[in-house]
Amino acid sequence: MSAPLSESLTHDEIQRAIVRSAHRLWPGIDLQGSLSGVYLRGGAVEGRLMVLKGVEAGDPDLNGREIGSNGQPGFFIEVKTKGQNLSKVQRARKAKLEARGYVVFVVWSEEQALRDIASYLPIDWVAAHL
C-alpha cells in the first residue's frame with residue numbers, strides 16, 4: 001500500500017497547494033504567508049534585520065484574516081511534513097495566539113488544511129472585499 005501523496009511532498013509544496021486550493025475554493029480569502037520560516041541568504045545579519053522589521057520567530061506559515069464562524073478574529077496554519085512536530089518556540093507562539101482568540105491549525109497535508117479552513121469559516125462565507 002503506497003503512502004498518500006501529501007506524505008511525499010515537501011513543506012513548501014504542501015503550503016503552495018493549500019494557498020492555491022484555498023483561493024480556488026474561497027475566492028477572495030485573505031490568506032498570507034509568513035516570513036518566519038523563510039531561508040535567508042544573509043544569515044544572522046539578515047535574520048536580525050527581519051526581527052527589527054517585526055518578523056517573529058515561531059510565527060505560523062500562513063495567516064488568514066477572516067472572521068470565523070464563532071467570531072474568532074482570524075486563523076493561522078502551521079504546515080508540517082511527516083514526522084515533524086511543533087518546536088518549543090512554535091508551541092509558545094501558538095499558545096500566545098490562541099490566548100488572543102485566534103485559531104491555530106497544525107496540518108500535515110493540504111486536505112487537512114482545507115478541512116480546517118472549511119470548519120473555521122462561516123457556512124455562508126463571502127470575502128469582505130468582493
Side-chain angles (χ1 to χ4, degrees):
M1 183 170 173
S2 62
L5 177 62
S6 60
E7 287 190 18
S8 63
L9 298 178
T10 67
H11 177 281
D12 289 346
E13 290 169 332
I14 295 169
Q15 185 170 334
R16 285 192 302 266
I18 292 167
V19 171
R20 182 178 50 250
S21 293
H23 284 131
R24 180 179 47 79
L25 292 168
W26 301 283
I29 192 168
D30 193 350
L31 186 63
Q32 180 178 352
S34 166
L35 291 176
S36 288
V38 174
Y39 171 74
L40 302 172
R41 291 177 193 259
V45 172
E46 187 62 28
R48 180 70 182 136
L49 290 173
M50 295 303 288
V51 169
L52 292 172
K53 292 177 185 177
V55 175
E56 290 192 39
D59 210 36
D61 297 303
L62 296 166
N63 64 70
R65 298 180 187 106
E66 305 294 351
I67 302 298
S69 58
N70 293 323
Q72 307 96 324
F75 67 93
F76 292 84
I77 298 174
E78 176 59 40
V79 177
K80 294 294 181 190
T81 57
K82 184 180 178 185
Q84 289 185 325
N85 290 302
L86 295 177
S87 68
K88 183 178 179 180
V89 172
Q90 290 171 326
R91 285 191 307 273
R93 184 72 176 132
K94 180 179 184 289
K96 185 177 180 181
L97 291 166
E98 290 173 337
R100 293 181 173 164
Y102 294 98
V103 174
V104 181
F105 300 113
V106 180
V107 303
W108 286 263
S109 71
E110 171 192 3
E111 297 81 12
Q112 183 183 4
L114 297 177
R115 282 192 307 269
D116 288 343
I117 295 169
S119 72
Y120 171 85
L121 294 172
I123 292 172
D124 59 351
W125 183 85
V126 176
H129 67 279
L130 289 180

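When a residue number appears, it is its place in the shown sequence, counting from 1.
- Between N85 and K80 there is no side-chain heavy-atom pair separated by less than 4.5 Å.
- Residues H11 and D61 have side chains in contact (heavy-atom distance under 4.5 Å, counting atoms from C-beta outward).
- You'll find the side chain of L62 stays beyond 4.5 Å of the side chain of F105, heavy atoms only.
- Between I117 and I29, some side-chain heavy-atom pair lies under the 4.5 Å cut-off.
- Contact between L86 and E78 at its shortest, heavy atoms only, is CD2-CG, 3.6 Å.
- Side-chain heavy atoms closer than 4.5 Å link hydrophobic residues (I, L, V, M, F, W, Y) into clusters, and following such links, even through other members, never connects W125 to F76.
- To the nearest 0.5 Å, the span separating CD on E110 from CZ on R115 amounts to 10.5 Å.
- Nearest heavy atom pair, residue G101 against residue P73, reads O-CD, 3.1 Å.
- Going from atom CD of E66 over to atom CZ of F75 covers 7.0 Å, rounded to the nearest 0.5 Å.
- Residue L9 is grouped with residue V79 when hydrophobic side chains (ILVMFWY) are merged at heavy-atom distances under 4.5 angstrom, including chains of intermediate members.
- When all heavy atoms of L114 and A22 are compared, the pair lying nearest together is CD2-N, 4.0 Å.
- Between Q72 and N70, the shortest heavy-atom distance links the atoms OE1-N, 3.0 Å.
- Follow the hydrophobic side-chain contacts under 4.5 Å out from W26 and you reach L31 in the same cluster.
- By the criterion of side-chain heavy atoms lying less than 4.5 angstrom apart, applied directly or through intervening Ile, Leu, Val, Met, Phe, Trp or Tyr residues, I67 is not grouped with Y102; the two fall into different hydrophobic clusters.
- The closest side-chain heavy-atom distance from V103 to D116 is not below 4.5 Å.
- The hydrophobic cluster analysis finds V89 isolated: no Ile, Leu, Val, Met, Phe, Trp or Tyr side chain comes under 4.5 Å of it, directly or through other members.
- A distance of 10.5 Å separates OG1 of T81 from CG of D12, quoted to the nearest 0.5 Å.
- Nearest heavy atom pair, residue V104 against residue P60, reads CG1-CG, 4.4 Å.
- Transitive grouping of hydrophobic side chains (ILVMFWY, heavy atoms separated by less than 4.5 Å) brings L121 and V19 into a common cluster.
- Nearest approach of V107 to Q112, heavy atoms of both residues: CA-OE1, 3.4 Å.
- Side-chain contact check for V106 versus K94: some heavy-atom pair is nearer than 4.5 Å.
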